[in-house]
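Worksheet: the structure to be examined is printed underneath.
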Amino acid sequence: MKNEILIAGSGFSGMWSAISAARAVSLAGREDDVNITIVSPSPNLHIRPRFYETAFDEMAPDIEPLLAAVGVKHLCGTVESVNTRNNDVVFKSSDGVSSAISYDRFILATGSQLCLPEIPGLKEHSFNIDQLHEAITLNNHLKGLASWESTVARNTVIVVGGGFTGIETALEIPQRLRAIFGDDSKLRVVIIEQSSEIGPTLGAGPRPLIQEAFTECGVEVMTSTGVKSISSDAVITDAGVYIPSNTVIWTGGPRAQSLAQHIEGEHDRFGRVCADQYLRAQGVESVFVTGDMAMVAADDKGNIAAMSCQHALSLGRVSGYNAAAELVGLPMHPYSQSKYVTCLDLGTWGAVYTEGWDREVCMQRKEAKELKQTINTQWIYPPEADRDAAFAVAAPDYVIVP
Ligand SMILES: Cc1cc2nc3c(=O)[nH]c(=O)nc-3n(C[C@H](O)[C@H](O)[C@H](O)COP(=O)(O)OP(=O)(O)OC[C@H]3O[C@@H](n4cnc5c(N)ncnc54)[C@H](O)[C@@H]3O)c2cc1C
């Protein structure tokens, strides 16, 4: 009987798991002995880091030809539950039929989702850009505002959360609104962050540049305050400040997708499954976890892989390789990713590029913006649908960031 590798999720880590597993099977010359199947709602890679932009037709490349080229089968649907005792999952096809699928090795790559706190009006009256359909809903709303009467609430956009996504979103909004309204004289964009500083995890290095960008782009910053309630036409802050707005964009709080709870063992505060250096879920022999699902050390200095595309691309290559290596008799490969960089889009101001976990600023303004555009439109995209070309960049030690 053939061995079965089953992957849930076709995001960055799931797609690279599939290619990397196929490469390992091929290296061992065992293509006739191993099936690789990937399950997700559709055979597309959603380019989540671009969801603050508007080029939606470029944000979900079709990966079916690529998967076919490397010999991986795609099933449209979702994994509903995982039974690690029986080594099987419940699969629900996109036409609603449920069935069991058995595996020899399972790779959990279902990513993360925004977790909304219990704030009155938040679910009903806010937008977000966590998933593609949500980013499109926001965009349609913003475009629709053009036909509304010009009021303070219509002309004010509030971004809640001053982390990476909140900063990029807030600084993109002025130019998006100018393109929609054709006149920026009455626009107001406010970013609200409950910590005392914007970008609380971004470190001291890039912060003055971020502040400079906010000032230059006309984005107001409110720190040390949270949101108490949201209605269709206003936000009230913890401090009782009333801000009229028809557009509130929530950006805080990603958590590992709920299937993580089906895997025994320890989980971290984001719900991620704790994994060993081979990305095996601790104590569950046949399950590997990857991307935003995995809590794993990135190096031997105490740094933990972030919920980021940068880490998901490497984690996927390692999880796929290891899941296959065990089955075909290759040595396992320990995950480590010592180089860490960030490139933060700061709207018309430019961008800021940092290196290291303490985020030393190495590039800024136009130069960094060009790098950001290269990352967003090339580096994180799937390889071409050619077996050799894909395998050439799929080794578990392939370095994405030079
Ligand atoms: C707005 C935004 C901006 C970002 N910007 C950056 C950035 O600038 N730099 C950076 O490094 N990172 C950024 N990130 C984070 C980055 O996008 C994620 O860390 C990355 O997508 C994680 O990859 P993943 O493979 O773990 O999950 P995802 O890319 O989320 O893929 C998950 C996959 O699982 C599928 N799936 C979900 N549930 C199921 C199920 N039950 N069954 C089967 N399939 C399922 C989904 O359809 C999808 O195919 C950003 C994220 C967002 C939302």
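The structure presented is a predicted model; accordingly, all values stated were derived computationally and were not measured. Ligands are counted one by one from 1 in listed order, and the atoms in each one are counted from 1 as well. The figures here come from the full heavy-atom set of this structure, side chains too, leaving out hydrogens, waters and symmetry mates.
- Within 4.0 Å of ligand 1, the residues that place a heavy atom are G9, S10, G11, F12, S13, V39, S40, P41, R48, P49, T78, V79, A109, T110, G111, I129, D130, F164, T165, Q257, L259, G291, D292, M307, S308, C309, Q310, A312, K372, listed by chain and number.
- Relative ring orientation between W357 and Y340 is described as parallel, the plane-to-plane angle staying below 30° on a 0-90° scale split at 30° and 60°.
- The side-chain tip of R317 points at the ring of W16 from less than 6.0 angstrom away and within 45° of straight on.
- Looking only at distances, a side-chain donor or acceptor of Q337 sits under 3.5 Å from a matching main-chain atom of Q310.
- Between the side chain of D345 and the backbone N or O of A351 there is no donor-acceptor pair closer than 3.5 Å.
- Within the cation-pi definition used here (under 6.0 Å to the ring centroid, within 45° of the axis), R50 does not qualify as a partner of F56.
- For K73, the salt bridge (Lys or Arg N to Asp or Glu O under 4.0 Å) criterion is met by no residue, not counting sequence neighbours.
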